[in-house]
A.B. asks: 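Just dropping this structure here.
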Amino acid sequence: MLKIIAIVVAVAIVALLGYAATKPNHFRVARSTVIKAPPEKIYALIDDFHKWGAWSPYEKLDPAMTRTYGGPASGLGSSYAWSGNGKAGAGRMEIIEAAAPSKLVTSLDFTKPFEVHNKAIFTLVPEGEATRVTWAMEGPSPFLFKVMDVIFNMDRMAGKDFETGLASLKAEAEK
């Protein structure tokens with residue numbers, strides 16, 4: 001009986017690893033919402049890391065998180081580093097592309113709980129008297145992350161955070 005269970009477990013593990021190997025080497029998670037505000041008003045909430053506390057779901061993961069701001073107060077070269085508990089982890093963001101009021105790109109480097117280097121991209125497209133805001137994250141997907149994605153579905157997990165953040169950004173921008 002134990003031999004059969006061991007074989008079934010081994011086959012399941014091989015199947016999981018085989019399926020993970022078929023996943024792409026690059027990932028992208030994106031969510032969008034329409035905000036009844038001009039792009040300039042929304043952009044001002046995104047290109048200043050000091051204002052992220054009002055809308056970013058990640059700011060609420062650890063109330064005791066330490067934050068360090070660098071470079072200009074906002075825009076290109078502005079940076080933000082954080083260190084917090086297990087949920088918040090530690091890392092650094094820097095605005096590496098700023099095309100006000102339509103696009104903002106940050107380098108997003110996590111150091112804890114594991115090292116990851118991604119980009120976060122915000123695009124703002126006018127739609128009548130409103131603005132469609134898309135928040136995306138993309139980067140390389142090493143094999144370990146592919147395995148984690150099979151088990152945890154990273155698009156669903158990060159996507160849920162983006163949906164929460166966009167809803168908060170909408171509420172803040174529509175005030």
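Just so we're clear, the structure is a prediction, and the values are computed from it rather than from any experiment.
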A.B. asks: Looking at Ile42 and Ala173, what are the two nearest heavy atoms and their distance?
C.D. replies: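 Nearest heavy atoms, Ile42 then Ala173: CG1-CB, 3.9 Å.
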
A.B. asks: Working to the nearest 0.5 angstrom, can you tell me the gap between Leu45 CG and Ile35 CD1?
C.D. replies: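 It comes to 8.5 Å.
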
A.B. asks: Do Trp52 and Tyr69 sit in the same hydrophobic cluster, where Ile, Leu, Val, Met, Phe, Trp and Tyr count as joined when their side-chain heavy atoms come under 4.5 Å apart?
C.D. replies: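 Same hydrophobic cluster.
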
A.B. asks: Give every residue pair that meets the side chain to side chain donor-acceptor pair (under 3.5 Å) criterion with at least one member in residues 162-175, sequence neighbours excluded.
C.D. replies: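 Passing the test, one end in residues 162-175: Arg31-Glu163, Lys170-Glu174, Glu172-Lys175.
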
A.B. asks: Might you confirm whether atom NZ of Lys60 has over 12 heavy atoms from other residues, nucleotides or ligands at distances under 6.0 Å?
C.D. replies: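 Check passes, neighbour count above 12.
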
A.B. asks: Are the side chain of Arg28 and the backbone of His26 linked by a donor-acceptor contact shorter than 3.5 Å?
C.D. replies: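 Between the backbone of His26 and the side chain of Arg28 there is no qualifying donor-acceptor contact (under 3.5 Å).
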
A.B. asks: Determine whether Leu2 and Val11 fall in the same hydrophobic cluster, where Ile, Leu, Val, Met, Phe, Trp and Tyr are linked whenever their side-chain heavy atoms lie under 4.5 Å apart.
C.D. replies: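 Cluster IDs for Leu2 and Val11 differ.
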
A.B. asks: Parallel under 30°, tilted from 30 to 60°, perpendicular over 60°: which one fits the rings of Phe162 and Tyr58?
C.D. replies: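 Ring orientation of Phe162 relative to Tyr58: perpendicular.
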
A.B. asks: Exactly one of Leu124, Leu166, Thr123 should register a side chain to side chain contact (heavy atoms under 4.5 Å, CB included) with Thr134. Which one does?
C.D. replies: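 Between Thr134 and the candidates, side chain to side chain contact (heavy atoms under 4.5 Å, CB included) is satisfied uniquely by Thr123.
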
A.B. asks: Looking only at heavy atoms, what is the nearest atom pair of Ser78 and Pro72, with distance?
C.D. replies: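 It is OG-O, 3.3 Å.
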
A.B. asks: Determine whether a donor-acceptor pair (N or O, by modelled atom type, separation under 3.5 Å) exists between the side chain of Thr106 and the backbone of Leu108.
C.D. replies: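 Side chain of Thr106 to backbone of Leu108: no pair is present.
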
A.B. asks: Find out whether Ser107 and Asn118 are in side-chain contact, i.e. whether some heavy atom of one side chain is under 4.5 Å from a heavy atom of the other.
C.D. replies: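 Sidechains of Asn118 and Ser107: no contact.
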
A.B. asks: According to a hydrophobic-cluster definition based on side-chain heavy atoms being under 4.5 Å apart (Ile, Leu, Val, Met, Phe, Trp, Tyr only), do Phe110 and Phe27 belong together?
C.D. replies: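 Same cluster: Phe110 reaches Phe27 through Ile, Leu, Val, Met, Phe, Trp or Tyr contacts under 4.5 Å.
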
A.B. asks: So which atom in Ile95 and which in Ala98 form the shortest heavy-atom distance, rounded to 0.1 Å?
C.D. replies: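 Ile95 and Ala98 have their closest heavy atoms at CG2-CB, 4.1 Å.
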
A.B. asks: To check you understand the geometry: which heavy-atom pair defines the closest contact between Ala120 and Trp135, and what is its length?
C.D. replies: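 Residues Ala120 and Trp135, closest heavy atoms: CB-NE1, 4.3 Å.
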
A.B. asks: So, Ser83 side chain and Ala90 main chain: donor-acceptor pair closer than 3.5 Å or not?
C.D. replies: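 Not at all, since once roles are kept as given, no pair shorter than 3.5 Å links the two residues.
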
A.B. asks: Considering all heavy atoms of both residues, which atom of Ile46 and which atom of Leu169 are nearest to each other, and what is their separation?
C.D. replies: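 That would be CD1-CD2, 4.1 Å.
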
A.B. asks: Has the side chain of Trp82 got a donor or acceptor atom that lies under 3.5 Å from a matching backbone atom of Ala88?
C.D. replies: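 Present.
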
A.B. asks: Counting only N and O atoms by type, is there a donor-acceptor contact under 3.5 Å from the side chain of Lys160 to the main-chain atoms of Asp155?
C.D. replies: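 Answer holds: no.
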
A.B. asks: State, to 0.1 Å, how close Pro140 and His117 come at their nearest heavy-atom pair, and which atoms those are.
C.D. replies: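 Smallest heavy-atom distance, with atoms named: CD-O, 3.4 Å.
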
A.B. asks: Does Glu127, at its CD atom, have more than 12 non-hydrogen atoms belonging to other residues, nucleotides or ligands within less than 6.0 Å?
C.D. replies: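 Enclosed.
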
A.B. asks: Following the transitive rule for hydrophobic clusters with a side-chain heavy-atom cut-off under 4.5 Å over Ile, Leu, Val, Met, Phe, Trp and Tyr, establish whether Tyr43 and Leu76 coincide in one cluster.
C.D. replies: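 Result: no, two separate clusters.
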
A.B. asks: Please give the remaining members of the hydrophobic cluster of Ile96, linking ILVMFWY side chains under 4.5 Å, ordered by chain and number.
C.D. replies: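 Once heavy-atom contacts under 4.5 Å are chained together, Ile96 belongs with Val105, Ile121.
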
A.B. asks: Does Phe114 share a hydrophobic cluster with Met93, counting links as ILVMFWY side-chain heavy atoms below 4.5 Å and allowing steps through other members?
C.D. replies: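 Yes, it is one cluster - the side chains of Phe114 and Met93 are joined through contacts under 4.5 Å.
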
